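In the text below, chain A, chain B and the rest are named by the order of the sequence lines, each starting its count at 1. Bear in mind that the values here come from a model prediction, so they are computed numbers and not experimental data.
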There are 2 protein chains.
Amino acid sequence: MGEIREPLRELTECGLPQALEVMGERWSFMILRASFNGLHHFEEFLSELGIARNILSNRLAKLVEHGILKREPCADDRRKIEYRLTEKGSDLLPAMLALRQWGQKYGSGAPENPVLVDERDRLPIGPVSILAHDGRILTLRDLWFVRPDKIGLRSDGTQAEASAGLGRGDVIDLAAAKKTG
Amino acid sequence: MGEIREPLRELTECGLPQALEVMGERWSFMILRASFNGLHHFEEFLSELGIARNILSNRLAKLVEHGILKREPCADDRRKIEYRLTEKGSDLLPAMLALRQWGQKYGSGAPENPVLVDERDRLPIGPVSILAHDGRILTLRDLWFVRPDKIGLRSDGTQAEASAGLGRGDVIDLAAAKKTG
DNA sequence: AGCAACTGGTTTTGATTCGAAACTTGGTTT
DNA sequence: AAACCAAGTTTCGAATCAAAACCAGTTGCT
């Protein structure tokens, strides 16, 4: 027993829901971006983002609770609280940049104001990319969803096309989504 | 006049708000993931995601409206509607994967069920990465936010540390956020 | 010491959104 | 025709969001 329930939900086992639990809420990413931009204090976030006080308070508490920001009293002015990115928070940079780049690509062609550059040559960074284990850049066409127990399996090619029905097949043809673009 | 208002809001000019306008809503990313996983129909999303019907209807309409999915009647069964990723929608793959990987890294160590592999060797993909224009992988320490008119400027090094105050400086020290992790 | 101003909240009160369940409309199966 | 199915829409109560007022330590000023 227990096999019958949640039939398609097998597909759901990935980190996305957990990521969205925190970052899926309305202002979380904007606060994160402000944090990357060097803002640390409540009133700074408030005036930068134009968010309501109570919501900001709530979001900051949640981000702290989830270990994305850390909250510590300011040494020199004990009214102030410093909110700073933790390592866990900083690790959201690729996700934030990928979103930002996507928004930039498809949004109103307004030029982004603080441009991210490589400190080495001060040239704008390239696109956030999906890399293979050996560093090759992968596109949608290069990818497959496979069941964990099938990793590394050499396929004889025939199952490549037999992937329409989810939940039973070993492999899901991601390229199918691309063909229709 | 016009210089005084929106003092810090200069920082806000990037694609993130536009990306969040669509993808920031509660179920958008989960629907997108289901779409990448090969689901195309209303009832499929419904049973896969466990979302309310009216919300799903609303989200799908918004995703279509924003050109992330396209909605077309099914040829063989005219009751059915096919929702398919557009190119614009497919371009969200790096953002979705970055989020997923982050959630995976910090979530409950549950193994992800459909693992993304490189079709070439069937090995799991690497982390979504920020690349320099020449393909080097960049980390937080390698990055600077600079004003658009300062791109490519060779700095004499002294301004590297003088970056605490936003809005006036030419450059924002992203590494400052890292030091505290 | 006394008082205004500042920082980071909390409370209160409406507006919006979410969610479950029932209902509708057109298409298909038998 | 009757039953059924896919994709919605409607209705209504619950949760969330937002604007504004209020509150409590801290600080600066005199």
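If you measure from atom CD of A:E72 to atom C1' of C:dT7, you get 17 Å, rounded to the nearest angstrom. When rounded to the nearest whole Å, the span between CG of B:L69 and P of D:dA7 equals 14 Å. A:R79 places its CZ atom 6 Å from the P atom of C:dT7, with the value rounded to the nearest Å. Remark: C1' of D:dA6 and CG of B:L46 are 11 Å apart, rounded to the nearest angstrom. Taking atom CD1 of B:I55 as the reference point, atom P of D:dG13 lies 17 Å away to the nearest angstrom. Put simply, CD on A:E44 is 10 Å from P on C:dT7, counting in whole angstrom units. In this entry the distance linking NE2 of B:H40 with C1' of D:dA7 reads 17 Å, nearest Å. Distance B:R59 CZ to C:dG19 C1': 12 Å, rounded to the nearest Å.
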Give every pair of a protein N or O atom and an N or O atom of nucleotides 20-25 of chain C that lie under 3.5 Å apart, one pair per line with the distance.
{"unit_1": "C:dA20", "atom_1": "N6", "unit_2": "B:N54", "atom_2": "ND2", "d": "2.6"}

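Checking D:dA18, C:dT10, D:dA7 against the side-chain heavy atoms of B:F42 singles out D:dA7 as nearest.
Between A:V117 and B:L143, every side-chain heavy-atom pair lies at or beyond the 4.5 Å cut-off. A:Y83 is not listed as a side-chain neighbour of A:E44, based on a closest heavy-atom distance of 4.5 Å or more. Two residues are said to be in side-chain contact when any heavy atoms from C-beta on lie closer than 4.5 Å; A:R33 and A:E48 meet this criterion.
A salt bridge does not link A:R120 to A:D118: none of the charged nitrogens lies less than 4.0 Å from a carboxylate oxygen.
At C:dT29, none of the side-chain N or O atoms of B:R78 fall inside 4.0 Å of OP1 or OP2 (strictly under the cut-off). Taking only side-chain nitrogens and oxygens, B:Y83 never comes nearer than 4.0 Å to OP1 or OP2 of D:dA6. For the pair B:H41 and D:dA6, the criterion of a side-chain N or O lying under 4.0 Å from OP1 or OP2 is not met.
At the heavy-atom level, A:F45 lies nowhere under 4.0 Å from the strands shown.
Both A:W27 and A:A75 sit near DNA chain D, but only A:W27 has its closest nucleotide nearer the 5' end. When the nearest nucleotides of DNA chain D are assigned to A:N58 and B:R71 by heavy-atom distance, the more 5′-ward of the two goes with B:R71.
The side chain to side chain contact (heavy atoms under 4.5 Å, CB included) test with A:M96 is passed by exactly one of A:L99, A:L93, A:L92: A:L93.
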Give the C-alpha distance, both sets of side-chain angles, the deciding distance and a yes or no for salt bridge (charged side-chain N to carboxylate O under 4.0 Å, His left out) between A:R59 and A:E25. CA-CA 8 Å; A:R59 281 303 168 281; A:E25 294 194 88; 3.8 Å; yes
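At a cut-off of 3.5 Å, with distance as the only test, a side-chain donor of A:T139 or A:D142 sits close to an acceptor on the other residue.
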